[in-house]
Amino acid sequence: MSDQRLRDKRVLLTQADDYMGPATREVFEEHGALVIADTTDLTNAGAVEQVVADAGVIDILVVNLAAPAETGIAAVDMDDDRWARMFDVMVHPLHRLCRAALPQMYDRCCGKVVVYGSATGLKPMSKVSAYSTARSAQVGYVKAVGIEAARQNIQVNLIAQNFVENPVYYPPELIGTPQFDKMMKQVPLGRLATGREDALLALFLASDESDFLVGQAIPFAGGWVQ
């Protein structure tokens, strides 16, 4: 039986159908949360503000913003549109979400913001410059805003993940191939994490148990980054 540590908490979850969305919704609902599972394209003008307004009371904001990494493109070949797209999807909506949701948390002096980021924001990879830089920007944002929010008793933290099961980054046809086996040699644990394992870390960060964690980028990558 679930410990219901998020009982009656209202959670706004972005990109709820993609990446870490489904696993997060499942785990959080198991623990008593009321999940507002949003699937809006947050790159559209005014979209974030409308989503937050429609959500009403938000106890926990789970920022799940992701896009294909478009690997294999050297920085000298990175065009402006590809570069800007990473920031439009993963960085600008992060700021707008926090800007829109934090004031109500400040008024109550309680709340949590959990950001699904990437370990490439801590350990950038070659030929993934736009993606890695956008993820690094997320880390910097969480560290800065985390300090501000902590003064209002709000905790803002980020999961710096990599090598987590996902059909976009690790499609079924890739699993078990020589390319996949070579990739796994980079991971000290030698395997992918499950989405549930990742979501359970998000659950901890969304719960009262994480009240003393402020502006952290927590590696979740099987030892790939320390």
Side-chain angles (χ1 to χ4, degrees), residues 1-16 18-38 55 57-66 90 94 97-98 101-102 105 108-123 135 138-166 187-189 191-226:
M1 186 175 181
S2 169
D3 61 19
Q4 296 286 293
R5 73 183 75 176
L6 297 184
R7 184 175 181 178
D8 298 330
K9 296 290 187 181
R10 291 176 58 84
V11 179
L12 174 59
L13 169 65
T14 66
Q15 252 184 287
D18 302 320
Y19 301 95
M20 284 304 302
T24 302
R25 183 176 185 178
E26 179 180 328
V27 168
F28 278 40
E29 288 181 343
E30 285 176 9
H31 287 79
L34 191 163
V35 178
I36 303 159
D38 185 74
V57 175
I58 300 170
D59 298 302
I60 300 160
L61 171 62
V62 180
V63 181
N64 175 47
L65 300 169
M90 297 188 290
L94 169 59
L97 284 161
C98 289
L102 282 174
M105 295 183 182
R108 299 190 301 269
C109 287
C110 64
K112 304 278 186 177
V113 178
V114 181
V115 180
Y116 282 115
S118 171
T120 61
L122 302 176
K123 182 181 178 180
R135 291 303 198 179
Q138 287 185 324
V139 171
Y141 186 82
V142 164
K143 288 179 178 291
V145 176
I147 296 170
E148 297 177 20
R151 297 191 176 101
Q152 307 296 328
N153 194 40
I154 315 300
Q155 292 78 43
V156 182
N157 293 290
L158 177 147
I159 300 173
Q161 64 187 50
N162 200 2
F163 303 109
V164 179
E165 286 180 353
N166 183 280
V187 187
L189 275 179
R191 67 172 177 87
L192 296 178
T194 66
R196 185 175 182 85
E197 286 176 303
D198 201 354
L200 286 169
L201 176 54
L203 172 67
F204 166 72
L205 293 174
S207 74
D208 294 342
E209 298 166 1
S210 66
D211 283 354
F212 209 63
L213 285 174
V214 170
Q216 298 298 301
I218 301 170
F220 184 80
W224 180 73
V225 62
Q226 300 297 321

| said: Glu26 vs Arg196, test: side chain to side chain contact (heavy atoms under 4.5 Å, CB included). Steps then yes/no. | reply: CA-CA 9 Å; Glu26 179 180 328; Arg196 185 175 182 85; 3.5 Å; yes

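- Remark: side-chain polar atoms of Asp38 are not paired, donor with acceptor, to backbone N or O of Thr14 under 3.5 angstrom.
- At distances below 3.5 Å, at least one donor-acceptor pair connects side-chain atoms of Gln15 with backbone N or O atoms of Ala66.
- Note that CD of Glu30 and CG of Asp3 are 10.0 Å apart. Values are rounded to the nearest 0.5 Å.
- The distance from the CG atom of Leu205 to the CG atom of Leu200 is 11.0 Å, given to the nearest 0.5 Å.
- To the nearest 0.5 Å, atom OG of residue Ser118 and atom CD1 of residue Ile159 are 12.0 Å apart.
- Closest non-hydrogen pair, Ala37 versus Arg25, comes out as CB-NH1, 3.6 Å.
- Residues passing the side chain to side chain contact (heavy atoms under 4.5 Å, CB included) test with Thr24, sequence neighbours excluded: Leu13, Met20, Phe28, Val62, Tyr116, Ala199.
- Listed for the Arg5 side chain is no donor-acceptor partner under 3.5 Å among the backbone atoms of Leu203.
- Counting only distance, with no hydrogens or angles, the side chain of Gln4 and the backbone of Ala33 share no donor-acceptor pair below 3.5 Å.
- Between Ile58 and Arg10 the shortest side-chain heavy-atom distance does not fall below 4.5 Å.
- Counting non-hydrogen atoms of other residues, nucleotides and ligands closer than 6.0 Å to CZ of Arg108 gives a total above 12.
- Lys143 is linked by a side chain to side chain contact (heavy atoms under 4.5 Å, CB included) to Val139, counting only residues two or more places apart in sequence or in another chain.
- Between the CG atom of Leu192 and the CG atom of Asn162 there is a distance of 9.5 Å, given to the nearest 0.5 Å.
- The side-chain heavy atoms of Leu102 and Val145, taken from C-beta on, include a pair separated by under 4.5 Å.
- To the nearest 0.5 Å, atom NE2 of residue His31 and atom NZ of residue Lys9 are 14.5 Å apart.
- Across all their heavy atoms, Leu61 and Cys98 have their closest contact at CD2-N, 4.4 Å.
- The backbone N or O of Thr120 sits nowhere less than 3.5 Å from a side-chain atom of Arg135 that would complete a donor-acceptor pair.
- The nearest pair of heavy atoms linking Leu94 to Leu65 is N-CD1, 3.6 Å.
- The side chain to side chain contact (heavy atoms under 4.5 Å, CB included) check on Glu148 picks up Tyr106, with sequence neighbours excluded.
- Smallest separation of non-hydrogen atoms from Ala206 and Ile60: O-CD1, 3.6 Å.
- Between the CG atom of Leu158 and the CG atom of Leu213 there is a distance of 12.5 Å, given to the nearest 0.5 Å.
- The side-chain heavy atoms of Gln138 and Met90, taken from C-beta on, include a pair separated by under 4.5 Å.
- Lys123 places a side-chain N or O within donor-acceptor distance of the main-chain N or O of Trp224, the cut-off being under 3.5 Å.
- Val214 and Ala150 make their closest contact through CG1-CB, 3.6 Å (heavy atoms, listed as atom of the first residue, atom of the second, distance).
- The two residues Pro188 and Gly222 have their closest heavy-atom pair at CD-O, 3.2 Å.
- Of the possible polar contacts, one joining the Lys112 side chain to the Ser207 backbone as a donor-acceptor pair under 3.5 Å is found.
- Between the Asn153 side chain and the Cys110 main chain, no donor and acceptor come within less than 3.5 Å of each other.
- The closest donor-acceptor contact from the side chain of Asn157 to the backbone of Gly215 lies under 3.5 Å.
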